[in-house]
Amino acid sequence: ISQLRKLTERKEIDPYVFKVKNRDGSWKYLLVTMRALDIQDGWPTRILTMELDVTRRTILQEIHREINGIGVGFRGTHYLSELLRTAVRVIGAHEGTLSLVQDEFGGGITWQVEPSGKLTQDKDDQLSERLTVYSGGSPRMENNPELAAKEEFDRQIWEAFHPIRNSQGVAIGEVRLVFRDVTLTEMDVSATLRIIAEAAEAEITRSLVESRMRRHNELLEQNVKERTAQLSELNRELEAFNYSISHDLRAPARQVAIYASEIKSDSDSALSPSSIEDLNRIEELAAKMGTMTNALLTFSRLGRASVDKNEVDWTQQVSDAIAAVGREYGQKACYEVDVHPTEYCDENLIGIVLQNLISNATKYSSQQTQPTVRIGSYAHQGILWHFVEDNGIGFPESQSHRLFQPFQRLSGATEFSGTGVGLATVQRVIENHGGRIRASNIDPHGARFDFTLGTEIERLGGGDRIRTGE
């Protein structure tokens, strides 16, 4: 009645699916379209009706819907057994089995849904032999008179098979459905089995990937534990080494300096000028050894130092470093400063970088008539960079790879005081910040060190106040 009313109002209604029960008890689905050809007294008197049998399409859609609706909580063997149970129920099969000859779940296994609906699990010793028929073939459907006789069934019993393949296309299992009454065509049964097999293949692939990832993660975790234990042992050895340096090396150096000083004091009048000069040299070398030991300790500790980054006053950091260098050397250079006002770094560690670079620039330009040290900042590809440049002796380009190696002093630099650890320490602090440093020689005189701590200009603001591409 409702459809006739719609015809009266619109003369045509949208197609709809109508479910009809056949004489054998099965259901048929019809896609119905209706159009009113004549309407009298507000009621259609002639109607054009078109019907299209969509039983196959509807059943396949229902199977798709049911299989896709298997809960996300099902994984592995639970998913495969639920997949088989759903398939048997939806397609109306008498019984069904899903078998795997090899899988990630512990070897060959078969699930069976019995006619009563009970799900059982067992081994299938003949599965490997049966799978050979799938080597180049496709799914099949065949009559099984022996099974019909065994079950005392007076009509035909049909079995339908479809292979389950791995990612290489090799058959590793099969889906089997048994029908007493086949209401679907062989094509429909094959299509349904293909849907089930593809769902099983997808789950097996997912389980394989998950299992491999789990094993990979377990291996990584084990490697991390082993590496952590090795690092802990190395750290203990390093602590012991540092203790040895602190106590076993510095103490003798201090004793040597003390003995040399006492000899000079007790025998000043009896010593020749050359002997006094030798004792002075001993004191200087002992002091240098103490200084180098302290530098080595600092370099070693920085490798384990944590970096606490905060926004700091970069202008003040540079000023403090210049003041510290001035106290060490006296005001022997002209410092030209044009830096970005702030930086994101560890305030305590970054002072080591600035003092070392500015100290080197001051030291190696001290023989010039007008020693000049330039300190500045610039932006490159959105990253904040800094530089320290001098007009000193520079360095040979061929030896630049040795600049940041501990205790490596280049030719021309040996006449200046130093431990040979300063630039190595600078590089370690900068890299601990996530940055990098590079050195370049300035022709005809001087050296320049550019470094970044990896800070983006936008993070600090003020990008419009800084030049680019220095």
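Since we're looking at a predicted model, the values are computed, not measured. Sequential numbering from 1 along the given sequence is applied to the chain's residues.
In this structure, the side chain of Asn441 engages the main chain of Phe395 through a donor-acceptor pair within 3.5 Å. Glu203 places a side-chain N or O within 3.5 Å of a backbone atom of Gly76 that can act as its donor or acceptor partner. For Glu201 (side chain) and Arg165 (main-chain N/O), a donor-acceptor pair under 3.5 Å exists by modelled atom type. Listed for the Ser365 side chain is no donor-acceptor partner under 3.5 Å among the backbone atoms of Pro371. With hydrogens and angles disregarded, a donor-acceptor distance shorter than 3.5 Å links the side chain of Thr372 to the backbone of Gln370. No side-chain donor-acceptor contact under 3.5 Å links Thr342 to the backbone of Trp314. Formation of a donor-acceptor pair under 3.5 Å by the Ser211 side chain with backbone atoms of Ser207 is not found in this model. In this structure, the side chain of Asn356 does not engage the main chain of Val426 through any donor-acceptor pair within 3.5 Å. The closest donor-acceptor contact from the side chain of Ser261 to the backbone of Ile258 lies at 3.5 Å or more, if one exists at all.
The local environment of CZ in Arg281 is sparse, with at most 12 non-hydrogen atoms from other residues, nucleotides or ligands closer than 6.0 Å. A 6.0 Å sphere centred on CD of Glu277 holds no more than 12 heavy atoms belonging to other residues, nucleotides or ligands.
With a 4.5 Å cut-off on side-chain heavy atoms, Leu384 and Tyr344 do not count as touching. Residues Arg438 and Arg436 meet the side-chain proximity criterion, which asks for heavy atoms closer than 4.5 Å. No side-chain heavy atom of Ile437 sits less than 4.5 Å from a side-chain heavy atom of Asp450. Residues Leu100 and Ile164 have side chains in contact (heavy-atom distance under 4.5 Å, counting atoms from C-beta outward). Two residues are said to be in side-chain contact when any heavy atoms from C-beta on lie closer than 4.5 Å; Ile350 and Ile430 fail this criterion. In this structure the side chain of Ile204 reaches within 4.5 angstrom of the side chain of Leu208, judged on heavy atoms. Side-chain contact between Ile375 and Leu354 is absent, with no heavy atoms from C-beta onward closer than 4.5 Å.
Across all their heavy atoms, Asp346 and His433 have their closest contact at N-NE2, 3.0 Å. The nearest pair of heavy atoms linking Ile383 to Thr452 is CG2-OG1, 3.2 Å. Summarising the geometry of Ala87 relative to Ile196, their closest heavy-atom pair is CB-CD1, 3.1 Å, with the distance given to 0.1 Å. Smallest separation of non-hydrogen atoms from Ile352 and Thr425: CG2-CG2, 3.8 Å.
Comment: Arg89 engages Glu66 in a salt bridge, judged by a side-chain N to carboxylate O separation of less than 4.0 angstrom. Glu82 has a carboxylate O that lies under 4.0 Å from a charged side-chain N of Arg85, or vice versa, which qualifies the two as a salt bridge.
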List the steps, then state whether side-chain contact (heavy atoms from CB on, under 4.5 Å) holds for Val353 with Phe451. CA-CA 10 Å; Val353 171; Phe451 66 93; 4.3 Å; yes
Decide side chain to side chain donor-acceptor pair (under 3.5 Å) for Ser272 and Ser275; before the verdict, give the C-alpha distance in whole Å, the side-chain angles of both, and the deciding distance to 0.1 Å. CA-CA 5 Å; Ser272 65; Ser275 297; 3.0 Å; yes
Could you walk me through whether Arg65 and Glu62 satisfy the salt bridge (Lys or Arg N to Asp or Glu O under 4.0 Å) test, starting with their C-alpha distance in whole Å, then the side-chain angles of each, then the deciding distance to 0.1 Å, before giving a yes or no? CA-CA 5 Å; Arg65 201 162 36 243; Glu62 180 66 20; 2.5 Å; yes
Set out, in order, the CA-CA distance, both residues' side-chain angles and the distance that settles side-chain contact (heavy atoms from CB on, under 4.5 Å) for Gln112 and Glu95, then state yes or no. CA-CA 7 Å; Gln112 179 175 3; Glu95 62 180 83; 3.1 Å; yes
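Looking only at atom types and distance, the side chain of Gln222 has a donor-acceptor partner in the side chain of Glu226 under 3.5 Å away. Under the 3.5 Å distance criterion, with hydrogens and angles disregarded, no donor-acceptor pair is assigned to the side chains of Asp313 and Gln317.
Note: Phe449 and Phe404 have perpendicular aromatic rings, judged against thresholds of 30 and 60 degrees for the angle between ring planes.
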